[in-house]
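The block underneath contains the structure these notes are about, expressed in structure tokens.
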Amino acid sequence: MHDLKEIRQQPERFRRGVEKKGGSGADVERLVALDTRRREVLIRVEALRAERNRSSEAIAASRRQGQSVDEAMQAAARGLGEQIRQVEAELAEVEPEIDRILRALPNIPNDDVPEGDESQNREVRRWGEPAVFDEPAKPHWEIGVELGIVDFERAGKVSGPRFAFLRADGARLERALIDFMLDLHTRKHGYTEIWPPLLVNADSAFGTGQLPKFGQDMFQTTDGYYLIPTAEVPVTNLHSGEILSAADLPLRYCAYTPCFRSEAGAAGRDTRGLIRNHQFNKVELVKFTTEEDSYSELESLRRDAESVLEALGLPYRTVVVATGEMTFSNARQYDLEVWFPAQNMYREISSCSNFEAFQARRANIRYRSEAGDVRHVHTLNGSALAVGRTFAAILENYQQRDGSVMVPKALRAYLGGQDRIARG
RNA sequence: GGAGGGAUGUCUGAGCGGUUGAAAGAGCCGCACUCGAAAUGCGGUAGGCGGGCACAAACUCGCCUCGUGGGUUCGAAUCCCACUCCCUCCGCCA
């Protein structure tokens, strides 16, 4: 959510920014007009309230001196109350409309973000050499099924499309990846591990920006909870409504959770495999910091995510995501894309974003600076990594001619020293 | 599910119709003492919105806010209603 005062001061900047993010510039213009109207009415209503307060004060003063209450004074005050009620009704027309528009307005991109659609994403890093295969590389869903470690058919029977069972070494590999990532971030990168609720209320979903516009992307329970689409939601809202101390910043959290997404609107895309399932595991990094530090924290966050791929020996590239492909709430977004040999392309495995104060305003997360003033924090988060996609990338990049899959060295300790997954 | 208690500022915690936007303590900031620190003493310290000011800061005036929403009243932290959340006990249960 934006600060209405900032929009008032720089309407053109917001209009352009919102349009780059696919929002409506007309909404910004409407907001400015409504804001002007609101302040006019507010001045009137506040003057009336001040008058009423003065007369109530006068009644109180004369009571205190033991004088009897002046009927005329009371009647006048009552009349003021009626006038106030009328002007307040005008406010009640304007304010909900301002609120409605403001809450649905996307964040605006930081200056350094390339404009345009996905094709304008700017590569900033490329790491690792894609392996060369004698025969065409198999897709991970074939490898996994042939090894007996992934089962889509039975998942279809038990749940439906876009689900998977993992079995034996598959289930162990998934668990090993989660442990490996958590250990890396908590021991080497200084994050505090969190195990959050997997169901959240509507306020929390609003705080991070899933609501009001993207409710259909989440699974909702019959009694008003949402299954989290990412740990970002509960972990960012961990400090909602709080005023943190500057001395505590930055706060760095790390959380493994299952994530649930309805994938409404993704019909027909990535219907096979582990890339786009309704349920997947993810290790998420979340930071709370100051506006001075948030962009350097974004760089280190991105490095922390990249280090997972490097430790696992998976070739990847990092792109700055162009304005048209960015999410609703963020101001700058890096995507990490891992190499999938069977598809012969890099595909997203992590998204690292700086939300600046956008989420902090929605969730009301502030801090008291050393100077003593209260300001909104900047929030950041990034996947490090999406576990299901990492699992898939390992199968494809480490596949052997005999159908087995080598285990990346960094992971072997988590699999009791096992260096290969073969048909069992 | 049943019975009861509670929600106040950065935190703990008083207040229970009118100088209470709020006692006290802690924390934090400033100053004094000190070579420095600790300890001690003195002072300051809620948030939001709007006006004035050419922007901003500072300053200043006003409005709103004591879980949320509504009501009673000239006037509500204080009374009434609804809701949310937390705690205790009982029941049930992984």
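The sequence lines fix the lettering, A, B, ..., with proteins before strands; numbering per chain opens at 1.
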One thing to verify: whether D112(A) and R332(A) come together as a salt bridge, which I'm taking to mean a side-chain N less than 4.0 angstrom from a carboxylate O.
yes
Output yes when at least one side-chain N/O atom of N53(A) is less than 4.0 Å from OP1 or OP2 of rC64(B), else no.
yes
Given the P atoms of rC49(B) and rA39(B), what is the spacing between them in whole Å?
37 Å
Using the closest heavy atom to pick a nucleotide of RNA chain B for each, name whichever of A47(A) or A60(A) lands nearer the 5' end.
A60(A)
My understanding is that a pair needs two contacts under 3.5 Å, Watson-Crick or G-U wobble. By that rule, which nucleotide pairs with rC93(B)?
none
Hey, are E146(A) and K138(A) close enough for a salt bridge, meaning a charged N less than 4.0 Å from a carboxylate O?
yes
Using the C1' atoms only, state how far rA24(B) lies from rG9(B), rounded to an integer number of Å.
13 Å
Would you tell me if any nitrogen or oxygen in the side chain of R8(A) comes within less than 4.0 Å of OP1 or OP2 on rG50(B)?
yes
Short side-chain N/O contact from Q9(A) to OP1 or OP2 of rA56(B), under 4.0 Å
yes
Taking the six-membered ring of F165(A) (Phe, Tyr or Trp), confirm whether the NZ or CZ of R154(A) is under 6.0 Å from its centre and within 45° of its axis.
no
Carboxylate-amine/guanidinium proximity below 4.0 Å for R347(A) and E396(A)
no
So what does A77(A) touch, heavy atoms closer than 4.0 Å: a base, only the sugar-phosphate, or nothing?
sugar-phosphate
Of I243(A) and D373(A), the one whose closest nucleotide on RNA chain B sits nearer the 5' end is I243(A)
How close or far is atom P of rU65(B) from atom CG of N364(A), stated in whole angstroms?
17 Å
Protein-nucleotide distance (R375(A), atom CZ; rG48(B), atom C1'), rounded to Å
17 Å
Paired with rC59(B) by Watson-Crick or G-U wobble geometry, both distances under 3.5 Å: which nucleotide is it?
rG52(B)
Rounded to whole angstrom, note down the P distance from rC79(B) over to rG6(B).
11 Å
Phosphate oxygens OP1/OP2 of rG62(B): is one of them under 4.0 Å from a side-chain N or O of R54(A)?
no
rG48(B) C1' sits how many Å from E46(A) CD, rounded?
12 Å
d(CZ, R52(A); C1', rC64(B)) in whole Å:
11 Å
Rounded to whole angstroms, how far apart are CD1 on I84(A) and P on rU73(B)?
15 Å
Could you tell me how far rG25(B) sits from rU72(B) if I compare only their P atoms? Round to whole Å.
40 Å
From the options rG47(B), rC74(B), rC49(B), select the nucleotide whose nearest atom is closest to the side chain of R78(A).
rC74(B)
Under 4.0 angstrom between R39(A) side-chain N/O and rG51(B) OP1 or OP2:
yes
Sub-3.5 Å donor-acceptor pair from the side chain of R276(A) to the main-chain atoms of R162(A), do we have one?
no
Is rC83(B) paired to anything, Watson-Crick or G-U wobble with both distances less than 3.5 Å, and if yes, which nucleotide?
rG67(B)
Go ahead and name the base partner of rG17(B); Watson-Crick or wobble counts if both distances stay under 3.5 Å, otherwise write none.
none
Mind checking the C1' distance from rG67(B) to rU60(B)? Whole angstroms is fine.
33 Å
Under 4.0 Å: is that the gap between some side-chain N or O of R49(A) and OP1 or OP2 of rC74(B)?
no
Could you tell me whether the side chains of N110(A) and Y295(A) share a donor-acceptor contact shorter than 3.5 Å?
yes
Counting only Watson-Crick or G-U wobble pairs whose two distances fall under 3.5 Å, which nucleotide matches rG25(B)?
rC11(B)
Round to a whole Å and report the spacing from CZ of R368(A) to P of rC29(B).
12 Å
Can you check the R37(A) CZ to rC49(B) P distance for me, whole Å?
21 Å
Is the cationic atom of R362(A) (NZ for Lys, CZ for Arg) positioned less than 6.0 Å from the six-membered ring centroid of F206(A) and within 45 degrees of its normal?
yes
Out of rG50(B), rC63(B), rG47(B), whichever nucleotide has its closest atom nearest the side chain of I43(A)
rG50(B)
Please state whether the phosphate of rG48(B), meaning OP1 or OP2, lies under 4.0 angstrom from any side-chain nitrogen or oxygen of K5(A).
no
Give none if rA77(B) has no partner; otherwise give the nucleotide forming a Watson-Crick or G-U wobble pair with it, both distances under 3.5 Å.
none
rG30(B) pairs with, by Watson-Crick or G-U criteria that keep both distances under 3.5 Å:
rC42(B)
Interatomic distance at C1', rC83(B) relative to rG91(B), whole Å:
26 Å
Counting just side-chain N and O atoms, does R38(A) come under 4.0 Å of either OP1 or OP2 of rG50(B)?
yes
Using the C1' atom on both, measure rC59(B) against rG5(B) and round to a whole Å.
47 Å
For F163(A) and F152(A), what are the C-alpha separation, side-chain angles and deciding distance, and is it a ring pair (Phe, Tyr, Trp, His ring centres under 6.0 Å)?
CA-CA 7 Å; F163(A) 286 94; F152(A) 297 105; over 10 Å; no
When rounded to the nearest Å, what value does the distance between P atoms of rG71(B) and rC66(B) take?
15 Å
Should rU88(B) form a Watson-Crick or G-U wobble pair with both distances under 3.5 Å, which nucleotide is its partner?
rA3(B)
Between P of rG51(B) and CZ of R44(A), the distance in whole Å:
15 Å
